[in-house]
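Data first, discussion second: the structure below is written as structure tokens.
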Amino acid sequence: MKKILFPALFAFALGFVACEDNLDIDQKGVVTTESYYASDADAEAALANMYAKFIQNVAGSEGIDNPEQVIINYSADDILAAGGNKEDHIGFRVFDEFRYNQSNGTLKECYNRYNYAIYGANLIISNFTNENGAGAEPKYTSAFTNQCVAEARVLRAYVHMMMAILWNRPAIVDHVLASGELPTQAESQEQVFKWVISECEKAISSGSLPKRNGTGDKDATGRMTVGFAQFVAGKAAMFANDPATARKYLGDLIKSGNYDLVDSDEFWTNFHVAGDGNCEKIFEPNFIYDNTASFWDNVWRSRWMVADVFCWRTDALASMPAPCPAAGWNGGAIQEDFAKKFLEHDGNSPRRRACFLTEDEFLYEMEWNSELNDADLAAKEADANRGIKANTGIYSHGPYFEWKHMSYAKIPKILSGGKDYPKDNVSEIMGGASNQKNFNVARYAEALLLYAEACIGSDDGSGLAALNKVQARSGSGKISTSLTFEDVMEEKQYEMWFENCRFPDLVRWSNQGKVNLDDIFNKRYGGIHKHVPTVFDEFFTKGTGKHKLYTEYSAAEHNDFSDKYKYLPFPIDIRLVNGLKNVLGWESLNGSDAAAE
């Protein structure tokens, strides 16, 4: 195992304050910072450290799931927190039901982890350029350090973009802060996005940023590249409501020819080990299993217990379905009315089947721990080893069963068609329930859809072509003949469901006057939190002798959505020490004597 430089955690739990003289140099003897950052080897170690910090913090797990995934995905209108009942998985549920506050632990964890990643990037930029607060010239530079700086610049820009999406006005931390130096909060969200774009442009125009060498270059998907810089700049431009700039960067990415969509019947692989590094991936930090490292290192550099979280509530089932890798906890459910809409739009498409199963697929096409998997339908309908056995049912579920992010113990034939995938692919899980899938950050389908949206109103045909490319791959059979916001919005919800897109997009579109969030969250479908399903199986609850699912409904504990929830409040201790100011409905907390809720 190669040893790399690891910076100490920030002083206090503030995410900002740190001193270079607390670095832990993993080698024999004592090496001071004055003699470090003076060679290509030092730069390589710092670069490896930066990626390790990103994997550990942004892509890694906290408890049983990833903070970023929880906050962004569970805040959307098409996913419900599930678990065993409405009191289970409270950590997920408060974001789903808009019940979090400034003292929430997952919120603080996400905030700090983003800043740890920024710090790793700033160690490179502040030590190999004069961008270090004091304007001091670096001790050493070379073509390789220039590359490291370019990669660090893009990673830092990406994390700042995500913080602006979530907190609106984070601080722009563009150098390693000296002891006692406080961050300067951005004046506006737009300022952050413009800075992100400029940083990506600096990296691209430097000529030092690595490029993906064609669609088969898997190695390039695990690091900062020109393509990812173009993606980040384009996405930031869309959030800054600057479609012309977005068209420029995303258009260049598309024209590069270095990315493509996988075939329709391979869509499911985008979310599983079989698709790691494929032609569609723009950036996904690479997970490498190292059984020589400590248990905790393995855990935190992957996503520990995510295999449990994203599996169905297996203690409620009649037997363990073959795809399930471990005991499942029912971490989240596809919202029932959206699932109906998705099914109506996509039908039996490979995309829809990769996202969720219908009742019949769940009961009869999927393999169970049963001797009747190859039997006729009548035998399966009377099989006591399949279906939902618990009299309590499965909370938050209608008769639809999401498995887009499930770590498969056995690749389902429903998806693979029986195809044998390469033997060199590692298992979906290791160490019991650790998800070994690379962490998806950006894939080409999102770039195409962002580009299509950016072209609305000024399309030369390329925007519609980008939308059509995603539609054709989906297998839905629906192909737009004109480029409209409604078609792009709808297609993106289907294509990017449960991929950190829906909630930020809704907020962005609301700010641009294109959608009404009160209607979406509080009124549509009778209010998604006022009409929460629990699914049962008549075979067990009514003794009918034949499997048939049915749902009952109840209201969840929730707050109605208001503009307050467009952005997160800053964690209370971080806000008070750093003098940060909240926005919208959280503004009342800005006083220095504000107490935790």
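In what follows, every heavy atom counts, from backbone to side chain, and hydrogens, waters and symmetry copies are set aside.
For Glu97 (side chain) and Ala556 (main-chain N/O), no donor-acceptor pair under 3.5 Å exists by modelled atom type.
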(request) Please assess Trp268 against Tyr421 for the test ring pair (Phe, Tyr, Trp, His ring centres under 6.0 Å), listing each intermediate value before the final yes or no. (result) CA-CA 13 Å; Trp268 69 272; Tyr421 282 81; 5.2 Å; yes
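Considering all non-hydrogen atoms of both residues, Leu464 and Thr481 come closest at CD2-O, 3.7 Å.
To the nearest 0.5 Å, atoms CG (Asn500) and CD1 (Ile165) are separated by 9.5 Å.
Using a 4.0 Å cut-off between charged side-chain N and carboxylate O, Arg473 and Glu495 make a salt bridge. Contact check on Arg353 versus Asp265 returns no salt bridge, with no Lys/Arg side-chain nitrogen under 4.0 Å from an Asp/Glu carboxylate oxygen. A salt bridge does not link Glu557 with Arg99: none of the charged nitrogens is closer than 4.0 Å to a carboxylate oxygen. The pair Lys437-Glu284 counts as a salt bridge, with a side-chain nitrogen and a carboxylate oxygen less than 4.0 angstrom apart. Here Lys419 pairs with Glu266 in a salt bridge; the nearest charged N to carboxylate O distance falls below 4.0 Å. A salt bridge does not link Glu491 with Lys478: every distance from a Lys NZ or Arg NE/NH1/NH2 to an Asp or Glu carboxylate oxygen is 4.0 Å or more.
With 3.5 Å as the limit, one finds a donor-acceptor pair spanning the side chains of Glu68 and Tyr114. Using a 3.5 Å distance cut-off with no hydrogens or angles, the side chains of Lys523 and Asn516 do not pair a donor with an acceptor. Under the 3.5 Å distance criterion, with hydrogens and angles disregarded, no donor-acceptor pair is assigned to the side chains of Thr215 and Asp260. In this model, a donor atom of one side chain and an acceptor atom of the other lie less than 3.5 Å apart for Asn270 and Asn278.
Ring geometry, Phe310 versus Phe498: the interplanar angle exceeds 60°, so the pair is classed perpendicular (tilted spans 30 to 60°). Note on ring orientation: taking the six-membered ring where Trp is involved, the planes of Trp509 and Phe485 are perpendicular (angle over 60°, cut-offs 30° and 60°). Between Phe401 and Phe362, the ring planes are parallel. Angles under 30° get that label, and only those over 60° would be called perpendicular. The aromatic rings of Phe231 and Phe228 lie parallel to each other, their planes meeting at an angle below 30°, with 60° marking the opposite boundary.
Around the NZ atom of Lys389, the shell of radius 6.0 Å holds no more than 12 heavy atoms that belong to other residues, nucleotides or ligands. Other residues, nucleotides and ligands contribute at most 12 non-hydrogen atoms within 6.0 Å of the NZ atom of Lys410. Within 6.0 Å of atom CD in Gln512, more than 12 heavy atoms from other residues, nucleotides or ligands are found, so the atom counts as buried in its surroundings. Annotation for Asp376: atom CG counts as buried by contact number, over 12 foreign heavy atoms lying within 6.0 Å.
Ring centers of Phe54 and Phe283: under 6.0 Å apart, within the cut-off. Here Tyr565 and Tyr100 bring their ring centres to under 6.0 angstrom of each other.
By the salt bridge (Lys or Arg N to Asp or Glu O under 4.0 Å) test, Arg502 is found to be paired with Asp77, residues two or more places apart in sequence or in another chain being considered. Applying the side chain to side chain donor-acceptor pair (under 3.5 Å) test to Arg223 and every residue at least two apart in sequence or in another chain returns Glu151. Shown here are the side chain to side chain donor-acceptor pair (under 3.5 Å) partners of Tyr451, two or more places apart in sequence or in another chain: Ser462. Under the rule for a salt bridge (Lys or Arg N to Asp or Glu O under 4.0 Å), Asp537 has no partner lying at least two apart in sequence or in another chain. Residues passing the side chain to side chain donor-acceptor pair (under 3.5 Å) test with Arg313, sequence neighbours excluded: Asp88, Asp315.
Here the rule is salt bridge (charged side-chain N to carboxylate O under 4.0 Å, His left out) with Asp346, and of Arg352, Arg351, Lys341 only Arg351 fits it.
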Show me the donor-acceptor pairs, under 3.5 Å and distance only, between side chains in residues 528-535 and residues at least two apart or in other chains.
residue	atom	partner	partner atom	Å
His529	NE2	Asp96	O	2.7
His529	NE2	Asp96	OD1	3.3

